[in-house]
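Reading through the structure tokens given below for one structure.
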Amino acid sequence: MPEREQDDQEREFDLKWADNAEHKEPSARARMLAARWKENPPGPVPFRGEPDHVARRQRRSSWVSTAVVLGCVAGLIVLLGYINFRASY
């Protein structure tokens, strides 16, 4: 059996063994958060709380946004037409 194939089989065995382990060690981040929360537990957080910056600003109505986009497109068309008109002389 070639050496590379043997290494692949050993690696596959190691992965299966690790995946089937009864106890898995928590990640470094999980350990860090657990240690931090032991001293200072986090407060309750609403499920999908609205961010503060969204609540303060009013939303622009959809027709205003559409008018702004169409105005920009029309201005670009006029500008390109003007440039083409000037270049023909």
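The structure presented is a predicted model; accordingly, all values stated were derived computationally and were not measured.
- For the side-chain contact (heavy atoms from CB on, under 4.5 Å) test with Leu76, the passing option among Leu80, Val73, Val78 is Leu80; the others fail.
- The SG atom of Cys72 sits 11.5 Å away from the CD1 atom of Ile77 when rounded to the nearest 0.5 Å.
- To the nearest 0.5 Å, atoms OG (Ser27) and CG (Leu33) are separated by 8.0 Å.
- Remark: Pro26 pairs with Ala30, Arg31 by the side-chain contact (heavy atoms from CB on, under 4.5 Å) rule, at least two apart or across chains.
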